[in-house]
Participant: 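Right, I'll just put the structure down here and ask away after.
The figures that follow rest on heavy atoms only: side chains count, while hydrogens, waters and symmetry mates do not.
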Amino acid sequence: MLLAKTLRSSTFRLALIAIAAFGLIVAAIMAYVYVGTIGYVKSRVGDAGDHGGFTAMIELAMVAVAVLLLVLAGLAAVLVTRRTVGRIEEINATSRAIMMSGLDRRIPLRGSHDEWDRVAENLNQMLDRIETLMGEVKQVSDNVAHDLRTPLTRMRGRLEKAYHAPRNSEADAVLIGDTIAELDAVLGMFASITRISEIETRARRSAFRALSLTEIAGEVVELYDAAAEQVATRLSLGGDREVAITGDRDLLFDAVANLVDNAIKHGRKGGQVTVTCRSADGGADIAIADDGAGIPAAEHDHVFKRFYRLEQSRYTPGNGLGLSLVAAVARLHGAEITLHDNAPGLTVRLRFPPPAQGGT
């Protein structure tokens with residue numbers, strides 16, 4: 001079966017063309033050698049004697065060499081083509097298995113570390129990435145369905161109860177207000193998704209300009225100062241007085257605000273949240289630290305996924321999009337975002353490159 005595919009393959013036809021071209025070159029060389037040899041012998045010996053036996057011997061040797069070269073070239077073409085077709089068939093078989101059964105199959109490696117093994121490794125890594133993305137899409141879909149089901153169920157229950165109850169202007173006003181609040185929360189979730197997608201498509205790089213990161217952080221601290229006082233949390237701003245950065249002011253404000261809001265909500269009541277801005281290696285660095293429970297190290301790579309929440313029951317307020325938006329803003333600005341243990345608590349650090357690299 002494999003031999004038949006080998007003989008029908010385009011690679012084998014190309015090999016035959018190469019062999020024919022090689023054969024023509026070899027034939028021309030052999031003809032040149034034959035004529036030259038006969039001419040040399042005649043020039044040295046002259047016409048005396050019979051040269052027929054010598055000529056016949058040379059012709060036989062050249063025919064034998066030509067046949068041997070033809071056989072070896074044909075055998076090499078078949079072996080090389082068979083190997084190539086065999087590796088291609090492995091890839092095709094794995095592709096068909098993936099289409100029929102799922103993304104759990106991978107292309108086998110032979111351990112030769114040749115170009116075919118490298119192709120198989122790259123394809124397997126691509127399949128790993130696709131499988132990861134598909135898993136994230138499924139998780140996002142499940143989380144969206146869960147987050148939408150609760151408010152929609154509550155709204156339906158209120159409306160059904162109001163439908164069967166006698167009209168009461170005060171109760172109806174409360175019902176309408178609660179329903180509007182629930183709808184605002186749902187619309188806010190979709191607005192966050194749209195905003196993250198817009199950031200990830202780099203549709204807003206035209207708004208980049210020279211900014212002061214310290215000034216943006218100061219405005220965020222001033223905005224959340226009242227919220228911090230409600231839970232007796234000390235919110236402070238430290239670091240350098242002037243930290244230059246190039247970026248989108250609105251997006252940076254939203255990113256820092258999300259981090260400060262998370263630090264206040266998940267930090268220790270009566271604790272401290274510190275926002276620190278510094279210039280570092282020509283770039284900018286901002287760190288938001290709290291003294292709360294923190295995030296387990298195993299979860300550091302997951303919390304930036306859309307709708308991912310440490311609280312798996314998903315009954316507490318929130319939709320798990322805040323850190324996703326922060327990560328999208330960081331990618332847009334070429335910044336590195338890292339999580340560190342604050343012992344106790346958590347430190348989220350955003351490190352921006354120099355303006356020449358992070359600007360437009």
Participant: Do Thr94 and Pro108 make a side-chain contact, defined as non-hydrogen atoms from C-beta onward lying under 4.5 Å apart?
Facilitator: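 Yes, close enough: below the 4.5 Å cut-off.
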
Participant: Within the supplied structure, the quantity of interest is the number of heavy atoms (other residues, nucleotides, ligands) at a distance under 6.0 Å from Glu222 CD; does it exceed 12?
Facilitator: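 Open.
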
Participant: Here's a test for you: under side chain to side chain contact (heavy atoms under 4.5 Å, CB included), which of Asp290, Asp341, Leu259 qualifies with Leu346?
Facilitator: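 Per the side chain to side chain contact (heavy atoms under 4.5 Å, CB included) rule, the option paired with Leu346 is Asp290, out of Asp290, Asp341, Leu259.
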
Participant: The test is side-chain contact (heavy atoms from CB on, under 4.5 Å); show your working for Glu215 and Leu211 and say whether it passes.
Facilitator: CA-CA 8 Å; Glu215 180 183 340; Leu211 302 168; over 6 Å; no

Participant: Same cluster for Ile176 and Leu159 if Ile/Leu/Val/Met/Phe/Trp/Tyr side chains link at under 4.5 Å?
Facilitator: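 No, it is not one cluster - the side chains of Ile176 and Leu159 are not joined through contacts under 4.5 Å.
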
Participant: Side-chain contact test, heavy atoms from C-beta onward, threshold under 4.5 Å: evaluate it for Leu325 versus Asn258 and give yes or no.
Facilitator: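 Contact flag for Leu325/Asn258 side chains = yes.
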
Participant: Could you give the distance from CD1 (Ile286) to CG (Leu252), rounded to the nearest 0.5 Å?
Facilitator: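 One finds 9.0 Å between CD1 of Ile286 and CG of Leu252.
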
Participant: Taking everything shown except Arg268 itself, do over 12 heavy atoms lie less than 6.0 Å from its CZ?
Facilitator: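 Enclosed.
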
Participant: Could you tell me whether a side-chain N or O of Asp291 sits under 3.5 Å from a main-chain N or O of Gln272, the two making a donor and an acceptor?
Facilitator: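 Such a contact is found between Asp291 side chain and Gln272 backbone.
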
Participant: Run the side-chain contact (heavy atoms from CB on, under 4.5 Å) check on Arg106 and Asp128 step by step: do they pass?
Facilitator: CA-CA 9 Å; Arg106 294 295 180 268; Asp128 291 340; 2.8 Å; yes

Participant: Nearest 0.5 Å please: distance from the CD1 atom of Ile337 over to the CZ atom of Arg331.
Facilitator: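 So the CD1 of Ile337 and the CZ of Arg331 are separated by 9.5 Å.
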
Participant: For the CZ atom of Arg234 and the CD1 atom of Ile264, what is their distance to the nearest 0.5 Å?
Facilitator: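 Reported value, rounded in 0.5 Å steps: 13.0 Å.
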
Participant: Does Val260 belong to the same Ile/Leu/Val/Met/Phe/Trp/Tyr cluster as Val231, with side-chain heavy atoms less than 4.5 Å apart forming each link?
Facilitator: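 Same cluster: Val260 reaches Val231 through Ile, Leu, Val, Met, Phe, Trp or Tyr contacts under 4.5 Å.
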
Participant: Taking CE in Met100 as the centre, count heavy atoms belonging to other residues, nucleotides or ligands within less than 6.0 Å. Is the count above 12?
Facilitator: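 Counting neighbours around CE of Met100, 12 or fewer heavy atoms of other residues, nucleotides or ligands fall under 6.0 Å, so no.
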
Participant: Any idea which heavy atoms bring Leu350 and Ala330 closest together, and the distance?
Facilitator: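 Looking at all heavy atoms of both residues, the shortest contact is CD2-CB, 3.7 Å.
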
Participant: If you measure from the Lys or Arg side-chain nitrogens to the Asp or Glu carboxylate oxygens, is any gap between Arg278 and Asp285 under 4.0 Å?
Facilitator: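 Looking at Asp285 together with Arg278, the answer is no, because their closest N to O distance does not fall below 4.0 Å.
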
Participant: What's the spacing between Glu90 CD and Ser95 OG if we round to 0.5 Å?
Facilitator: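 Result: 11.5 Å between the selected atoms.
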
Participant: With no hydrogens and no angle check, is any side-chain donor or acceptor of Asp248 less than 3.5 Å from a backbone partner on Asp250?
Facilitator: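 Side chain of Asp248 to backbone of Asp250: a pair is present.
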
Participant: Indicate if Val273 and Leu237 have the same hydrophobic cluster label, given that clusters are the connected sets of ILVMFWY residues with side-chain heavy-atom separations under 4.5 angstrom.
Facilitator: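 Yes, Val273 and Leu237 fall within the same hydrophobic cluster.
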
Participant: Looking at Ala284 and Ala244, what are the two nearest heavy atoms and their distance?
Facilitator: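 Scanning both residues completely, I find the closest heavy atoms to be CB-O, 3.8 Å.
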
Participant: Considering only heavy atoms from C-beta outward, does the side chain of Arg351 approach that of Thr338 to under 4.5 Å?
Facilitator: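 No, side chains not in contact.
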
Participant: Return the CG to CZ distance between Asn92 and Arg96, rounded to the nearest 0.5 Å.
Facilitator: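 The CZ atom of Arg96 is 5.5 Å from CG of Asn92, to the nearest 0.5 Å.
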
Participant: Do Asn262 and Ile288 have side chains that approach each other closer than 4.5 Å (heavy atoms only, starting at C-beta)?
Facilitator: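 Of all side-chain heavy-atom pairs linking Ile288 with Asn262, none is under 4.5 Å.
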
Participant: Report the C-alpha distance between Phe253 and Leu223 in whole Å, list the side-chain angles of each, state the deciding distance to 0.1 Å, and finish with yes or no for side-chain contact (heavy atoms from CB on, under 4.5 Å).
Facilitator: CA-CA 11 Å; Phe253 184 93; Leu223 176 66; 3.9 Å; yes

Participant: Could you measure the distance from the CD1 atom of Ile295 to the NE2 atom of His340? Nearest 0.5 Å is fine.
Facilitator: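 Separation between the atoms: 12.0 Å.
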
Participant: Between His333 and Phe352, what is the ring plane arrangement, given parallel below 30°, perpendicular above 60°, and tilted in between?
Facilitator: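 Perpendicular: the ring planes of His333 and Phe352 meet at over 60°.
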
Participant: Side chains of Val275 and Val220: closer than 4.5 Å at any heavy-atom pair?
Facilitator: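 In short, these two side chains do not touch, never coming nearer than 4.5 Å.
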
Participant: Please walk me through it: do Arg241 and Thr214 pass side-chain contact (heavy atoms from CB on, under 4.5 Å)?
Facilitator: CA-CA 6 Å; Arg241 295 186 61 181; Thr214 305; 5.6 Å; no

Participant: Any side-chain heavy atom of Met126 within less than 4.5 Å of one from Leu123?
Facilitator: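 Sidechains of Leu123 and Met126: in contact.
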
Participant: Find out if a path of hydrophobic residues (ILVMFWY) with successive side-chain heavy-atom gaps under 4.5 Å connects Val174 to Ile180.
Facilitator: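 Different clusters.
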
